[in-house]
Amino acid sequence: MSRYVIDKEKLGENIELIKEKAKTEVIGVVKGNGYGFGIKEFTVELKKHGIKTFAVTEVTDIPILKEILDNEDILVMRSTAVYEEAKIIAQNCAIATIGSLNAAEIMNKVAEELGVKVKCHLKIDTGMGRYGFLPSEINDAVKCYSFENLEFIGAYTHFSSAFRNAELTKAQLVLFKDTMEQIKKEVGEIGIIHAANSPALLNVSDVCLDAVRIGSAFTGRVITRSKTKLNRLGVLEAEVVDVKTVPKGYSIGYNGTYKTKRETKIAIVPIGHYDGFGLGKEKELYDFRYVLSIFKAFLKKKQMYVRINGEMHYVIGGIGLSHTAVDITGTDIKPGDLATVDISPLMVNPRIERVYK
């Protein structure tokens, strides 16, 4: 049976390295099932290291976090004008993101019906093109502060290209700070402001405001321009379930696309597409290098590999849904030996067990 294994001690090292570099409040982003590390397990580890605010994008994650948090805050990084979503946010005392006048109106209506006051962060769109008020929409943004049932305790923006364009990132930061200064003149207190995500913290200087939002950097799997001390974490593992030897010219896998060139010893590993193996690029952020790597892999007919007992062995016959054949000719590998695959946690099936060691 396969499982995705995270080194708890090295994760702790990553968390402390990030806190040291940020030198400001760190918001733990646990969206996407905790960046693939398991939202509950990941959140618990971050909490142990003093993280006080956690961020998600799906409102369905809020009840999950409420089960394991005490007085920590939950920031929902989704500006929603959907009544049902707004209600879940308000009922669970989470912090709402307000990125449109419509979203503010719906959240205010829900809060009034429930008899509560909802804490909110204003969202400014400085170039990401998703949620948020444009800097030219300051008048609408200011109107949000007048709703009686909304309490604005912060504001933020999202960098679009911090992993490769420092100048654009700095320009977005200047635009955000200028916009918030204009809003502050109109409404007074605006609370904390934050902009930096993992790529920004690691690639661009002077981007940390009152807080930073960190997710992928904790996993050690984030594009950076220079080497960091972060540990690259997460490995998919399972035991070899069987071993066999086939003759030269024998077909391996579906459609017989691979034929052995010699007598071949094969290990059967219970890891496949269902687990996330071989489905895509093992990186969280995509840019031109991704396209280039795919093209190079095609030209070189790059083979996938599995490590068994720490040694690299190539996949043959393609990857199946739940099994993979590996060439182990010339070894003494046997059933029960440990097979591992370096794979992004975001590619791993959420149903696969996450194990912290």
Side-chain angles (χ1 to χ4, degrees), residues 22-29 50-57 62 69-81 86 89-128 130-159 170-197 200-201 206-214:
K23 292 182 172 62
T24 190
E25 179 186 353
V26 176
I27 297 172
V29 183
I51 304 297
K52 299 295 185 182
T53 301
F54 297 88
V56 296
T57 54
I62 301 173
L69 297 181
D70 298 315
N71 299 315
E72 292 83 4
D73 289 323
I74 301 172
L75 170 63
V76 182
M77 298 187 300
R78 166 186 287 179
S79 177
T80 179
I89 293 170
Q91 286 176 326
N92 287 278
C93 302
I95 301 171
T97 288
I98 302 297
S100 71
L101 198 52
N102 194 18
E105 291 169 347
I106 294 296
M107 188 58 72
N108 185 67
K109 178 183 177 182
V110 167
E112 183 177 12
E113 291 174 354
L114 295 175
V116 300
K117 198 159 189 174
V118 177
K119 293 181 179 180
C120 304
H121 281 206
L122 190 75
K123 178 69 182 291
I124 302 297
D125 179 6
T126 57
M128 189 67 173
R130 299 192 305 206
Y131 305 119
F133 291 94
L134 298 177
S136 60
E137 298 175 320
I138 286 179
N139 289 338
D140 282 346
V142 168
K143 290 178 184 177
C144 297
Y145 289 79
S146 64
F147 287 104
E148 293 183 359
N149 302 294
L150 304 184
E151 178 186 359
F152 284 87
I153 61 171
Y156 68 103
T157 193
H158 195 131
F159 295 135
K170 290 180 179 179
Q172 281 188 261
L173 182 63
V174 170
L175 182 58
F176 172 61
K177 291 169 72 174
D178 179 65
T179 300
M180 291 313 302
E181 278 299 317
Q182 294 182 60
I183 292 174
K184 187 176 182 179
K185 289 177 182 178
E186 296 293 329
V187 305
E189 182 59 41
I190 57 174
I192 68 168
I193 58 174
H194 48 105
N197 52 7
L201 177 66
D206 302 320
V207 291
C208 299
L209 300 174
D210 299 321
V212 295
R213 304 184 306 274
I214 304 298

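What you are looking at is a predicted structure, and each value in this text was computed from that prediction instead of being measured.
Distance check, rounded to the nearest 0.5 Å: OG of S146 to CD of E186 gives 12.0 Å. Distance NZ/K123 to CZ/R78: 12.0 Å, rounded to 0.5 Å. If you take NE2 on H158 and CZ on F176, they are separated by 12.5 Å, rounding to the nearest 0.5 Å. The line from CG of D73 to CD1 of I153 is 6.0 Å long, rounded to the nearest 0.5 Å. A distance of 12.0 Å separates CD1 in I183 from NZ in K185, rounded to the nearest 0.5 Å. Taking CG of N149 as the reference point, atom NZ of K109 lies at 13.0 Å (rounded to 0.5 Å).
For the residue pair A96 and M107, the shortest heavy atom distance occurs at CB-CE, 3.7 Å. Summarising the geometry of A81 relative to I106, their closest heavy-atom pair is O-CG1, 3.6 Å, with the distance given to 0.1 Å. For A103 against S100, the heavy-atom pair with the smallest separation is N-OG, 3.0 Å. A pairwise comparison of heavy atoms in V207 and L173 identifies CA-CD2, 3.9 Å as the closest pair. When all heavy atoms of A104 and L150 are compared, the closest pair comes out as O-CD1, 3.7 Å. Shown here for P135 and I138, the closest heavy-atom pair between the two residues is O-CG1, 3.1 Å.
Side-chain atoms of T157 come within 3.5 Å of backbone N or O of I124 as a donor-acceptor pair. Using a distance-only test at 3.5 Å, with no hydrogens or angles considered, no donor-acceptor pair links the side chain of T97 to the main chain of H121. Side-chain N or O atoms of T24 include one that pairs as donor or acceptor with a backbone N or O of D210 at under 3.5 Å. With hydrogens and angles ignored, the 3.5 Å screen pairs a side-chain donor or acceptor of E72 with a backbone N or O of D70. At least one donor-acceptor pair under 3.5 Å links the side chain of D125 to the backbone N or O of M128.
Between T179 and F133, every side-chain heavy-atom pair lies at or beyond the 4.5 Å cut-off. When side chains are defined from C-beta on, F147 does not count as touching C120, because their heavy atoms never get closer than 4.5 Å. Looking at heavy atoms from C-beta onward, Y145 lies in side-chain contact with I190 at the 4.5 angstrom threshold. Contact of the V110 side chain with the V118 side chain is not registered, since no non-hydrogen atoms from C-beta on lie closer than 4.5 Å.
A donor-acceptor contact closer than 3.5 angstrom links the side chains of T53 and E25. Side-chain contact of Q182 with D178: a donor-acceptor pair under 3.5 Å is present, judged by distance alone.
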Test side chain to side chain contact (heavy atoms under 4.5 Å, CB included) on F152 and I98 and set out the steps. CA-CA 9 Å; F152 284 87; I98 302 297; 4.0 Å; yes

request  = Report the C-alpha separation of M77 and Y156 in whole Å, then their side-chain angles, then the decisive distance to 0.1 Å, and conclude whether the side chain to side chain contact (heavy atoms under 4.5 Å, CB included) test is met.
outcome  = CA-CA 10 Å; M77 298 187 300; Y156 68 103; 3.7 Å; yes

Let me see the working for M180 and L209 under side chain to side chain contact (heavy atoms under 4.5 Å, CB included), right down to the final yes or no. CA-CA 12 Å; M180 291 313 302; L209 300 174; over 6 Å; no

Evaluate side chain to side chain contact (heavy atoms under 4.5 Å, CB included) for L201 paired with I214, printing each intermediate quantity in order. CA-CA 9 Å; L201 177 66; I214 304 298; 3.7 Å; yes

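For K177, the NZ atom counts as loosely surrounded, since its 6.0 Å shell holds 12 or fewer non-hydrogen atoms of other residues, nucleotides or ligands.
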